[in-house]
Protein chains: 2
Amino acid sequence: MPILDRIDIALLEELSRDGALSQRELASRVGLSQNSCWRRLTRLQQDGVLKGTRAEIDLAALGLDLTVFVMIRTRHHSDEWSRKFRTHVEALPQVLDFYRIGGDWDYLVKAATQGVAGYDSFYQSLIRGFDLERVTGYFAMETILRRPPQLSAL
Amino acid sequence: MPILDRIDIALLEELSRDGALSQRELASRVGLSQNSCWRRLTRLQQDGVLKGTRAEIDLAALGLDLTVFVMIRTRHHSDEWSRKFRTHVEALPQVLDFYRIGGDWDYLVKAATQGVAGYDSFYQSLIRGFDLERVTGYFAMETILRRPPQLSAL
DNA sequence: CGTGAAAGATGCGGCAC
DNA sequence: GTGCCGCATCTTTCACG
C-alpha cells in the first residue's frame, strides 16, 4: 500500500472533483510548483492509485432516466453456472455495476434504463434462460448524493 | 432532450472510457477533423450532456477496501425528519452514493470503509440519534463489473 | 463539415538547489 | 525531495471554401 502525505491526498481530492484541471492550476491549489505536481502525478499513476479519468455523462439527458438496483438470489452456485450467468449479465448494455454480495442475496446489479418500459424489457432479458430464485428491482426515486471518495475519511 | 447522431454517441463513449484523450486522438477515432470535433464537444458541454471529467481513484490502494450497500427503512416521513436525516448521512465521509428508493426500503447508501471494523464504526455513526426501523448492510464480496454507460443501449 | 493558421496555454523534462 | 525555465505540443478561435 503506497504511502501518501497530505499533499497527495489533496491532489487526489482535486482531481476526483475535476479531472480536467491543468497541472498549473492543480499545482497552485495544493501549493506546489507545476513540476513537482507533475512528478507526483506520474508517481500516483505508476502506483496504480490514479486509474485514469473518465468523462461524466448526463444519462437522463440521453433518455436513460431510470436508475434501478436489482437484487438477485439463485439456487445455483457451481463455477460453470456462475460463469455463464456473469457472461449473460455483462452482455446487457443497461448494466452499469455488477457485484457479488453477502447476506440474503447473491448478486446486485445497477442498471440505467429508459423509464419503466425500458426496465421491463431489461428485466425480461436478464431472467431469460436462468433459473433465479428471487429477483427484486428497487427504483431510484431520487438521487440525493453522488460524489467521489472523501479521502478525509482516512 | 438533445438530438445526438452516431458521431456524438461515439464521442461520448470514447470520453467516458478515457477523459484524458487529446482532441486530435479523439477526432481521428471518430473520423472527424480536430476542429469539428472541438465544435461538437463544446456543444455537448453546453447542452449539459457532458458534465465534466473526474479522475478515478483505486480505493483499495488507499485502504478503503470494503464496499457496502446499506438499505434503510424508517418510520418517519415528515419533511423535517427527512431533511435532518439527509444532512446527517451526507456528513459521513464514507458515503459515496445516497438514493431514495421505492419498494420495501426507503434509502440506499453506498459506502467505502476500511474493512469490517471501518464498517462497524460507520454503522454506529449512521444510526446514532435516528430512529430507523431496519438497517441492513450488504458487503460487496467481489466487484464483477463497473463500467461507463453503454450508449449502444440507445 | 473541412482546411489552414495563429496566439496562447499546457505537458514534459533538464537542470540546479 | 523542491522550484525555475524552455521547448515542443496542444487547445482554442479565427476566416474561408
Side-chain angles (χ1 to χ4, degrees), chain A residues 1-59 61-63 147-154, chain B residues 1-64 148-152 154:
Chain A
M1 201 158 93
I3 302 160
L4 307 180
D5 60 15
R6 271 157 221 158
I7 298 182
D8 287 322
I9 299 289
L11 272 171
L12 293 172
E13 290 232 303
E14 291 290 345
L15 284 179
S16 65
R17 275 196 288 268
D18 182 2
L21 274 177
S22 75
Q23 294 195 15
R24 283 174 159 81
E25 175 63 21
L26 184 60
S28 84
R29 288 197 193 180
V30 301
L32 285 182
S33 73
Q34 183 264 338
N35 182 291
S36 297
C37 187
W38 172 72
R39 274 185 295 239
R40 279 178 187 259
L41 283 184
T42 52
R43 182 168 53 77
L44 289 170
Q45 284 161 2
Q46 281 172 350
D47 290 353
V49 178
L50 273 169
K51 300 201 305 185
T53 116
R54 332 212 167 286
E56 194 178 320
I57 296 172
D58 186 343
L59 290 179
L62 301 183
R147 68 182 175 196
Q150 307 290 293
L151 302 183
S152 54
L154 296 175
Chain B
M1 200 156 95
I3 303 160
L4 306 180
D5 62 15
R6 272 158 221 158
I7 297 182
D8 287 322
I9 299 289
L11 271 172
L12 294 172
E13 290 232 303
E14 291 290 347
L15 285 179
S16 65
R17 275 196 287 269
D18 182 2
L21 275 176
S22 77
Q23 295 199 18
R24 284 166 201 281
E25 176 62 22
L26 184 60
S28 84
R29 288 197 193 180
V30 300
L32 284 183
S33 72
Q34 185 261 342
N35 192 320
S36 299
C37 187
W38 176 78
R39 280 189 285 236
R40 278 179 188 259
L41 280 185
T42 53
R43 182 168 54 75
L44 289 169
Q45 283 161 1
Q46 280 171 352
D47 290 353
V49 178
L50 273 169
K51 300 201 304 185
T53 116
R54 329 211 170 285
E56 194 178 321
I57 295 172
D58 185 343
L59 290 179
L62 301 182
L64 294 167
Q150 306 291 293
L151 302 183
S152 54
L154 295 176

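Lettering follows sequence order; numbering is per chain, from 1.
- Among the heavy atoms of the strands lying under 4.0 Å from B/Ser33 is at least one base atom, whether or not backbone atoms are also near.
- Both A/Gly31 and A/Arg24 lie close to DNA chain D; mapped to their nearest nucleotides by heavy-atom distance, the more 5′-ward contact belongs to A/Gly31.
- The B/Asn35 side chain lies nearest to C/dT3 when the options are C/dT3, D/dT2, C/dT10.
- Counting only heavy atoms from C-beta outward, the side chains of B/Leu32 and B/Arg39 never approach each other to under 4.5 Å.
- A residue-by-residue look at A/Arg40 and B/Arg39 shows that A/Arg40 has its nearest nucleotide of DNA chain D further toward the 5' end.
- With hydrogens and angles ignored, a donor-acceptor pair closer than 3.5 Å exists between the side chain of A/Gln34 and the base of C/dC12.
- As a whole-Å value, the separation of A/Leu41 CG from D/dT2 P is 12 Å.
- Side-chain proximity of A/Leu32 to D/dT2, D/dT11, C/dG13: nearest is D/dT2.
- OP1 and OP2 of C/dG11 both lie 4.0 Å or more from every side-chain N or O belonging to A/Trp38.
- Side-chain atoms of A/Asp8 and A/Arg43, non-hydrogen and from C-beta on, do get closer than 4.5 Å to each other.
- Per the geometry, CD belonging to B/Gln23 stands 16 Å off C1' belonging to C/dT3, to the nearest Å.
- In this structure, B/Leu26 atom CG and D/dT9 atom P are separated by 20 Å, rounded to whole Å.
- Atom CD in A/Glu25 sits roughly 9 Å away from atom P in C/dT10 (whole-Å rounding).
- Here the side chain of B/Ser22 is nearest to one of C/dG11, D/dC14, D/dC10, namely D/dC10.
- With a 4.5 Å cut-off on side-chain heavy atoms, A/Leu15 and B/Ile57 do not count as touching.
- Proximity of B/Leu154 to B/Leu4: side-chain heavy atoms (C-beta onward) are nowhere separated by under 4.5 Å.
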